[in-house]
Amino acid sequence: MSTLRSKIESVVVDAARPDLCQFQCNGALAVAKSAGRNPRELAVEIMERLSEKPMFKNIEIAGPGFLNFTLTDAYIINHASEVSVDESMGCDTAAKELRVVIDFGGPNVAKPMHVGHLRSAIIGDSLQRLFRYLGYNVISDNHLGDWGTQMGMLISELRRREPSLPYFDEFFGGEYPAEAPISIVDLELMYPEASKKCKADSELMAEAIVCTDQLQQGRPGFVALWKHFVNLSVKTLNVDFEKLDVKFDHWLGESYYMDRMSTVVDRLKKDGFAETSEGATVMHVVTEKDTKEIPPVMLVKSGGGFLYATSDIATIDYRVETFNADRICYVVDKRQGLHFEQVFRAVKKSGIAPESLMLEHVGFGTVNGADGKPYKTRDGGVMKLGDLITLVIDKAVERISEANVAADQSEEARREIAEIVGMAALKFADLQNHRLSDYVFDLEKFSSFEGKTGPYLLYSAVRIKSILRKATDAGFPVGSIAVCTSEAERNLMLELAKFEDTLIAAAADTAPNYLCDYVYDLSKVFNRFFKECHILREENETTRGSWLALVSYTLSTMETVLGLLGIQVPERM
RNA sequence: GCCCCUGUAGCUCAGUAGGAUAGAGCAACGGUUUCCUAAACUGUAGGUCGUAGGUUCGAUUCCUAUCGGGGGCACCA
């Protein structure tokens, strides 16, 4: 099934001036230039060719050569009717060959997640849902930061605190304890302290780096300790991801590629891509065509440790070999752009990745406070993701009791609604911005539950559910879309017809904000229809049945799009 | 120093192949409730799209310069 727009002609676009027409075509203007012809004449020819089709109510030529199309109501009704009974709402969801790896989340061991991780998690999650919906073979992977210098910092910090633990005894031959030597709370407190000390004191930093290198070389006590750290951390990370309703197919952290890193580095050396420079192993990725400086990729530190780039290269090697990936999307802070450019160049140049592999850094901007600086807590500390979620949900609870809604519901049900509403507020507030732009995170603003917010959308959807419930109770059957009695109704059908185009554009640009705009526009158009066409009071059965079908179709579309944003709709609110 | 991103209404942001009168939310000032959830609907006002050139029939969009803001640039991730 094709979209209403593309049923006319593929080059036709939605109207820029809805007051003049429903769809428009600017092709005559573009073609006229290359053909050396008058655009209006060309437009007349196109119009004559198309005007025979019965779908058109009207075709006009306007301005310098725009073609303006208006469809007959019968045609619009027919399209809406067909799509409304289609399981995928007219969208091509057939399985596609392309295998897409989406790398997102990327939390670090021992560091609680913060607002930056929020963006990666919900943008990445939206993309995985979108690509899956469109039929792509998606593999999502939470690339846990469990193998970097922060591990060395933690190990050396703990050694200073508790030197007698067996993990630090090089000659210890027994079994290491099954229980972790510290709690998760201690671990999370220990990291910021260790990090601060290392930054301030180069000797401590050197010690941390030595510990990191030794860990990476497999020193048994350090590995045992490291496993404890990872296990503790993963437990708390899971709590946050669960609250966000974000799931991954894999949790393959950097450490997973430990063996592969040395293999890959050896191969790069053997094939002449890597060389030694100032004691470190590096790979040059600059080409003759470059006008800018591209620093070489650092593969091995002079002390023997691997780096961020090494693990990313090894990871690509794995994803090509094991997942047979055609495309890899990295949903990572845009400030890491240079890193990815280097890594992408390295794998292409060395042949680790085939030329056909699409490597894409899906970058995103920072989350700022009202002052335009990165978002912090009131006392200037890092806002933890878990705390942020709590704030948002508390706000929703507060608002619900204020507005005295869902008063007939149990305490538990209201709590559940508050969680859904809070998460919708949070996710929609983030996703509606283009991912690359920095945005101001204003709790009051998106918790105000007014305007272009998640809760507004939920409210619209919930009202539809309510109508459908009442219709069922009254014994009104859902018919098929058969009438178009008002402009509001026609506009709703036309808006619904934009569904597939929106999804395709969002996927092409990896831009969930297109979905946000669409579902918001749809809600607005629906709310107008809702105001003007009183469904349950309508006495004509055909009209009422048609409206119920239209309303049900709107609900499916809204729930689907919200679902692609990771937002669920409650039954009542 | 080099490179990348960015500058759109009072504020926060959209603007999906160069197209007609540049959009939305909030804030401001109005209107709508015997009516399916008023967390709604709706009207008005508000912009020389940072500035100056260029390409084009046509530029917020592409190119150049310039100013302002942010970011990145070998042993952190």
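All chains are named by letter (A, B, ...) in the order of the sequence lines, taking the proteins before the strands, and each is independently numbered beginning at 1.
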Colleague: Looking only at N and O atoms, is any donor in the side chain of A:N527 or the base of B:A38 less than 3.5 Å from an acceptor on the other one?
Modeller: no
Colleague: Assign B:A74 to syn or anti; the rule is syn for a glycosidic angle within 90° of 0 and anti otherwise.
Modeller: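 Here B:A74 takes the syn form, which means its glycosidic angle is within 90° of 0.
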Colleague: What N/O pairs connect the protein and nucleotides 58-61 of chain B at under 3.5 Å? Give each pair on its own line.
Modeller:
from, atom 1, to, atom 2, distance (Å)
B:G58, O6, A:K33, NZ, 3.3

Colleague: Can you list the residues that meet the salt bridge (charged side-chain N to carboxylate O under 4.0 Å, His left out) rule with A:R572, with sequence neighbours excluded?
Modeller: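 Not a single residue meets the salt bridge (charged side-chain N to carboxylate O under 4.0 Å, His left out) criterion with A:R572.
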Colleague: Would you indicate which nucleotide in B:G72, B:A20, B:A40 comes nearest to any side-chain atom of A:L20?
Modeller: B:A20
Colleague: How long is the gap from CZ on A:F340 to CZ on A:R345, to the nearest 0.5 Å?
Modeller: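 The CZ atom of A:R345 is 15.5 Å from CZ of A:F340, to the nearest 0.5 Å.
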Colleague: Measure from the ring centre of A:F66 to the centre of the six-membered ring in the base of B:A20, then say whether that distance is under 5.5 Å and the planes meet at under 30°.
Modeller: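 By the stated criterion, A:F66 and B:A20 stack.
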Colleague: Nearest of B:C75, B:A24, B:G70 to any side-chain atom of A:K524?
Modeller: B:A24
Colleague: Describe the nucleic acid contact of A:M205 in one word from base, sugar-phosphate, nothing, applying a heavy-atom distance below 4.0 Å.
Modeller: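 Since no nucleic acid heavy atom lies under 4.0 Å of A:M205, the category is nothing.
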Colleague: Looking at A:S302, does any N or O in its side chain come under 4.0 Å of the phosphate oxygens OP1/OP2 on B:C75?
Modeller: no
Colleague: Take the angle between the ring planes of A:W226 and A:W147 and call it parallel below 30°, perpendicular above 60°, tilted in between.
Modeller: perpendicular
Colleague: Just to confirm, is there a sub-4.0 Å distance from OP1 or OP2 of B:U42 to any side-chain nitrogen or oxygen of A:R528?
Modeller: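 It does, given that an N or O in the side chain of A:R528 lies less than 4.0 Å from OP1 or OP2 of B:U42.
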Colleague: Does B:G72 have OP1 or OP2 sitting under 4.0 Å from an N or O in the side chain of A:H339?
Modeller: no
Colleague: More 5' along RNA chain B: A:G305 or A:A506, using each one's nearest nucleotide?
Modeller: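 Taking each residue's closest nucleotide, the earlier one in sequence belongs to A:A506.
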Colleague: Ignoring hydrogens and angles, are the base of B:A20 and the side chain of A:Q24 linked by a donor-acceptor pair under 3.5 Å?
Modeller: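 Under the 3.5 Å cut-off, the side chain and the base do form a donor-acceptor pair.
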